[in-house]
Amino acid sequence: MMNYYDDIHIPGKFCWLVTGAAGFIGSHITEALLTLGQKVIGLDDFSTGHQENINAAVSRSGHEENFTLITGTITDINTCREAIRGCDYVLHHAALASVPASMKDPLHYHDVNASGFMNILQSSRENNIKRVVYASSSAVYGDSPEMPKREDTPGQCLSPYALTKHINEVCAEFFARVYGLECVGLRYFNVFGPRQNPDGAYAAVIPKFIRQLLHGEVPTINGDGKQSRDFTYVENVVEANLKACVQHRVRSNDEP
């Protein structure tokens, strides 16, 4: 059972759609919500997610009865509508995430990350979702040299992946402004933690380092070793997602 999220107050029991629920971040969000007594609908096509992530999340929460899994893709609008129907909040984490892979197949990345996100927004609008919180990326800052980074000064996108995340932000702003759909995008910086896949050419560096150390190998560092990166532990990302949905509502309840 988790204790990390005990300070997060969710004012009631709601139904939450978690897209990409079998993924690294999505499974942790699912586990936290179930642990907090919420009802969760998980949507995943298992193109990058894993059944063992779902199994671990659900069993650790102790609330298997509150979880429903839908196997399907966000590129199908009818699947999105089915998954969102009856939900209160949407936490959108279904996406393709590799920058190098996006350079090789930009069309596929656009179909999933951009068009799939539009399906989520439209389905959320149709079903009067209270708020959509979605995974954006630090890649949106592109070639901007400004330090520290500012949310209102992104640079030029350097990959198709970054472009799709920028498109997500533009589309979310449009749906919020024109249709009144509340949306929050979180720009993640190099998230790491349990269940992160250390395999493959595009695996994140932290699990790759850990695997090399466990095998008695020296971690591989490209360049001169003087590079700096921001890293975010997955529990902090989960907390940010949940508070992005309900924190404003908790404050409003305290107002006279």
Side-chain angles (χ1 to χ4, degrees), residues 5 8 16-21 23-30 32 48-49 74 89-103 106 109-110 112-118 120-121 124 129 131-177 181-193 195-197 202-207 227-248:
Y5 310 110
I8 300 175
W16 308 67
L17 173 65
V18 179
T19 69
F24 163 46
I25 297 175
S27 67
H28 282 279
I29 292 174
T30 297
T48 59
I74 60 171
Y89 293 98
V90 173
L91 296 170
H92 177 60
H93 288 77
L96 299 174
S98 169
V99 169
S102 75
M103 299 294 287
Y109 268 68
H110 181 87
V112 175
N113 291 3
S115 297
F117 183 62
M118 281 292 290
I120 292 294
L121 291 177
S124 297
I129 292 298
R131 178 167 281 199
V132 177
V133 175
Y134 64 95
S136 186
S137 171
S138 57
V140 171
Y141 291 107
D143 64 354
S144 172
E146 182 174 350
M147 294 296 291
K149 299 298 185 185
R150 291 172 50 91
E151 290 184 7
D152 56 354
T153 56
Q156 291 185 322
C157 295
L158 299 176
S159 69
Y161 167 75
L163 179 60
T164 62
K165 291 300 180 179
H166 175 70
I167 291 172
N168 286 176
E169 294 188 2
V170 173
C171 291
E173 188 279 330
F174 177 85
F175 269 72
R177 175 168 46 84
L181 176 65
E182 294 188 12
C183 299
V184 176
L186 303 176
R187 291 177 182 165
Y188 299 154
F189 282 78
N190 304 293
V191 184
F192 71 98
R195 302 185 198 136
Q196 193 170 26
N197 187 359
Y202 308 129
V205 67
I206 295 295
Q227 305 95 319
S228 64
R229 297 292 297 273
D230 288 308
F231 293 93
T232 308
Y233 189 55
V234 66
E235 285 186 347
N236 299 113
V237 169
V238 175
E239 184 176 4
N241 272 266
L242 302 191
K243 288 186 174 180
C245 280
V246 301
Q247 196 73 30
H248 68 299

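Checking side-chain atoms of Ser144 against main-chain N and O of Tyr141 turns up no donor-acceptor pair under 3.5 Å. A donor-acceptor pair is defined here as one N or O able to donate and one able to accept, closer than 3.5 Å; no such pair exists between the side chain of Glu239 and the backbone of Ile8. When atom types are taken as modelled, the side chain of Tyr109 and the backbone of Met103 share no donor-acceptor pair closer than 3.5 angstrom.
When all heavy atoms of Ile74 and Ile120 are compared, the closest pair comes out as CG2-CD1, 4.1 Å. Heavy atoms only, all atoms of each residue included: Ala139 and Ala162 are closest at O-CB, 3.5 Å. Annotation for Val112 and Leu96: closest pair CG2-CD1, 3.9 Å, computed over non-hydrogen atoms. The shortest heavy-atom contact between Leu181 and Leu121 is CD2-O, 3.7 Å. Pairing each heavy atom of Ala244 with each of Val184, the nearest pair is CB-CG1, 4.1 Å. When all heavy atoms of Ser102 and Ser159 are compared, the pair lying nearest together is OG-CB, 4.0 Å.
Rounding to the nearest 0.5 Å places CG of Asp143 at 5.0 Å from CG of Leu158. One distance of note links CD1 of Ile25 with CG of Leu186; it measures 10.0 Å at 0.5 Å rounding. Phe24 contributes atom CZ, which lies 9.0 Å from atom CZ of Arg195 (distance to the nearest 0.5 angstrom). Here OG of Ser137 is found 10.5 Å from OH of Tyr188. Values are rounded to the nearest 0.5 Å.
By the salt bridge (Lys or Arg N to Asp or Glu O under 4.0 Å) test, Glu151 is found to be paired with no residue, residues two or more places apart in sequence or in another chain being considered. Annotation: side-chain hydrogen bond (donor to acceptor under 3.5 Å, both in side chains) contacts of Thr30 (sequence neighbours excluded): none. In this view, Tyr134 and Phe117 satisfy the ring pair (Phe, Tyr, Trp, His ring centres under 6.0 Å) rule, not counting sequence neighbours. Judged as a side chain to side chain contact (heavy atoms under 4.5 Å, CB included), and not counting sequence neighbours, the contacts of Pro154 are Val140. Judged as a salt bridge (Lys or Arg N to Asp or Glu O under 4.0 Å), and not counting sequence neighbours, the contacts of Arg177 are Glu173.
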With side chain to side chain contact (heavy atoms under 4.5 Å, CB included) as the test, would you mind laying out the steps for Phe231 and Val191 before giving the verdict?
CA-CA 6 Å; Phe231 293 93; Val191 184; over 6 Å; no
When you look at Cys245 and Trp16, which way does the side chain to side chain contact (heavy atoms under 4.5 Å, CB included) test go after all the steps?
CA-CA 10 Å; Cys245 280; Trp16 308 67; 3.6 Å; yes
Are Val90 and Val18 close enough, and set up right, to give a side chain to side chain contact (heavy atoms under 4.5 Å, CB included), and what steps lead you there?
CA-CA 6 Å; Val90 173; Val18 179; over 6 Å; no
Side chain to side chain contact (heavy atoms under 4.5 Å, CB included), that's the test. Do His28 and Glu235 meet it? Break it down for me.
CA-CA 8 Å; His28 282 279; Glu235 285 186 347; 5.6 Å; no
Check against side chain to side chain donor-acceptor pair (under 3.5 Å), His93 and Thr19
CA-CA 5 Å; His93 288 77; Thr19 69; 5.5 Å; no
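Aromatic ring centres of Phe192 and Tyr233 lie closer together than 6.0 Å.
Two residues are said to be in side-chain contact when any heavy atoms from C-beta on lie closer than 4.5 Å; His110 and Ser115 meet this criterion.
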Cut-off 3.5 Å, no hydrogens considered: what does the side-chain donor-acceptor table look like for residues 164-171, sequence neighbours left out?
unit_1 : atom_1 : unit_2 : atom_2 : d
Thr164 : OG1    : Asn113 : ND2    : 3.3
Thr164 : OG1    : Tyr161 : O      : 2.6
Lys165 : NZ     : Ala135 : O      : 2.8
Asn168 : ND2    : Asn113 : O      : 2.9
Asn168 : ND2    : Thr164 : O      : 3.2
Glu169 : OE1    : Arg187 : NH2    : 2.7
Glu169 : OE2    : Ser136 : OG     : 2.6
Glu169 : OE2    : Arg187 : NE     : 2.8

